[in-house]
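Here is the naming used below: chain letters follow the sequence lines, and residue numbers restart at 1 for every chain.
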Number of protein chains: 2
Amino acid sequence: MRLTTKGRYAVTAMLDLALHGEKGPISLSDIAQRQDISLSYLEQLFSKLRQAELVSSVRGPGGGYRLARGSDDIHVAEIIDAVNESVDATNCGRGSGCASGEKCLTHHLWSDLSDQIHVFLSGISLSGLVARADVQQVAQRQHEKELAAQDIEQKIEIIGGP
Amino acid sequence: MRLTTKGRYAVTAMLDLALHGEKGPISLSDIAQRQDISLSYLEQLFSKLRQAELVSSVRGPGGGYRLARGSDDIHVAEIIDAVNESVDATNCGRGSGCASGEKCLTHHLWSDLSDQIHVFLSGISLSGLVARADVQQVAQRQHEKELAAQDIEQKIEIIGGP
DNA sequence: AAATACCCGACTGTTTTAGTTGGTTATATA
DNA sequence: TATATAACCAACTAAAACAGTCGGGTATTT
């Protein structure tokens with residue numbers, strides 16, 4: 001179990017899907033704009049999320065991604081594991097001949113704690129996060145901002161588009 | 001809150017202190033041998049652990065480090081935070097003008113979850129880890145290994161030391 | 001005086017992050 | 001059927017973090 005900003009990006013993007021994915025697939029460029037993440041980086045992350053069968057994709061215009069399962073059935077631990085690509089658990093099993101548990105003792109000390117963290121994050125679902133009041137507040141603000149941006153775009157179009 | 005092998009090293013080393021620190025200060029070279037971590041790297045980590053006032057040091061021969069507080073009063077979250085040097089929380093407050101919470105919304109989404117993880121790890125103390133049966137088993141094995149190593153050293157000395 | 005062991009800064013090689021570039025392929029729509 | 005959209009894909013880059021090394025210092029015990 002590893003926790004970096006990469007996992008944060010993935011969780012944030014999935015949370016965005018859970019918040020906006022009701023009416024159909026969401027394009028990555030939408031998520032990129034709303035959550036301020038580079039589009040190409042999102043593509044890399046979603047490639048992994050798709051391999052892990054956490055999302056499904058629809059190609060072509062109007063396409064995008066949607067959650068592969070219900071938001072109550074997707075948990076934070078899965079998302080983080082999907083983008084962090086397992087990483088041989090610890091640096092054991094290499095040169096030190098750690099087979100049969102003879103050496104490599106530090107490994108056990110940590111992996112035990114790591115398991116606990118994993119169990120903890122497996123208990124937090126996307127719907128659980130969505131239900132939180134503060135998250136809804138943020139989503140609301142993002143929605144208002146989006147509308148404002150669309151409004152500006154329309155006005156530009158009226159003044160004289162390409 | 002970040003979770004990498006760096007934090008694992010720090011927690012493991014602190015656990016070693018909790019296990020062996022009863023009879024006096026423990027030298028870093030002892031920990032380096034037992035836990036198979038580079039001595040110089042440990043020095044860097046303990047520099048930070050000392051700044052965070054999680055350990056205190058004794059210089060000179062017979063010196064080393066000891067826990068600054070009781071092992072029931074030192075928690076995993078503190079240790080990890082100490083070596084990961086905070087990292088401006090998230091990448092906000094830089095170019096995007098995230099003051100007053102207007103922008104930088106993704107930040108809130110994540111930091112909320114991050115807080116939960118933090119609270120969770122704040123509930124796990126060193127003494128809590130020490131009390132675990134499997135940890136004691138590992139410590140016992142390490143102790144036996146240590147005795148065996150000392151035995152070999154003695155024999156070498158008898159045969160003809162420097 | 002000598003050995004121990006903390007303390008400190010600078011340096012190195014490797015891996016991971018984060019992002020870029022430049023495409024190809026599938027598909028809805030006009 | 002042409003076009004725009006948006007997923008897909010691979011290779012590349014800059015910057016940071018990780019893990020460790022090196023060469024010194026300083027305090028303290030024996």
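- Considering only side-chain N and O atoms, A/Ser57 lies under 4.0 angstrom from the phosphate OP1 or OP2 of D/dC8.
- At D/dC9, one or more side-chain N or O atoms of A/Arg50 fall inside 4.0 Å of OP1 or OP2 (strictly under the cut-off).
- Residue-level contact check: B/Ser40 touches the bases, meaning some heavy atom is under 4.0 Å from a base atom.
- Atom CG in A/Asn84 sits roughly 10 Å away from atom P in C/dT16 (whole-Å rounding).
- Side-chain contact, B/Ser40 with B/Ser38: no donor N or O sits under 3.5 Å from an acceptor N or O.
- Here B/Tyr41 does not reach the OP1 or OP2 of C/dT12: none of its side-chain N or O atoms lies under 4.0 Å away.
- A close approach under 4.0 Å does occur between a side-chain nitrogen or oxygen of A/Arg2 and OP1 or OP2 of C/dT17.
- Between B/Val58 and A/Leu39, the residue anchored nearer the 5' end of DNA chain D, judged by the nucleotide with its closest heavy atom, is A/Leu39.
- Positionally, the nearest nucleotide of DNA chain C for A/Lys6 lies more toward the 5' end than for the other of A/Lys6 and A/Glu43.
- Using a 4.0 Å heavy-atom distance criterion, B/Tyr65 is classed as a sugar-phosphate-only contact.
- Whole-Å rounding puts the B/Leu3 CG to C/dT17 P distance at 13 Å.
- Atom-to-atom distance recorded for A/Asp36:CG and A/Tyr9:OH is 8.0 Å, nearest 0.5 angstrom.
- On a pure distance criterion of 3.5 Å, a polar donor-acceptor pair joins the side chain of A/Gln44 and the base of C/dT20.
- Surrounding CD of A/Glu53 are at most 12 heavy atoms belonging to other residues, nucleotides or ligands under 6.0 Å away.
- Using a 4.0 Å heavy-atom distance criterion, B/Ser29 is classed as making no nucleic acid contact.
- Contact detail for A/Val83 and A/Leu49: the closest heavy-atom pair is CG1-CD2, 4.1 Å.
- Side chain B/Arg59 to base C/dT4: no donor-acceptor pair is found below 3.5 Å.
- Atom CG of A/Asp30 is separated from atom C1' of D/dT5 by 12 Å (rounded to the nearest Å).
- For the pair B/Asp36 CG and D/dG20 P, the computed distance is 9 Å after rounding to whole Å.
- Between B/Ile31 atom CD1 and C/dC6 atom P the separation is 8 Å, expressed in whole Å.
- Distance B/Leu42 CG to C/dC6 P: 10 Å, rounded to the nearest Å.
- Distances shown here put a side-chain N or O of A/Ser38 below 4.0 Å from the OP1 or OP2 atom of C/dT20.
- The side-chain heavy atoms of A/Lys6 and A/Tyr41, taken from C-beta on, include a pair separated by under 4.5 Å.
- For the pair B/Ser47 and C/dC6, the criterion of a side-chain N or O lying under 4.0 Å from OP1 or OP2 is not met.
- Note: CD (A/Gln51) to C1' (D/dA10) measures 13 Å, nearest angstrom.
- A/Ile74 and A/Leu54 get closest at one heavy-atom pair: CD1-O, 3.7 Å.
- A/Leu28 has its CG atom 13 Å from the C1' atom of D/dT5, to the nearest Å.
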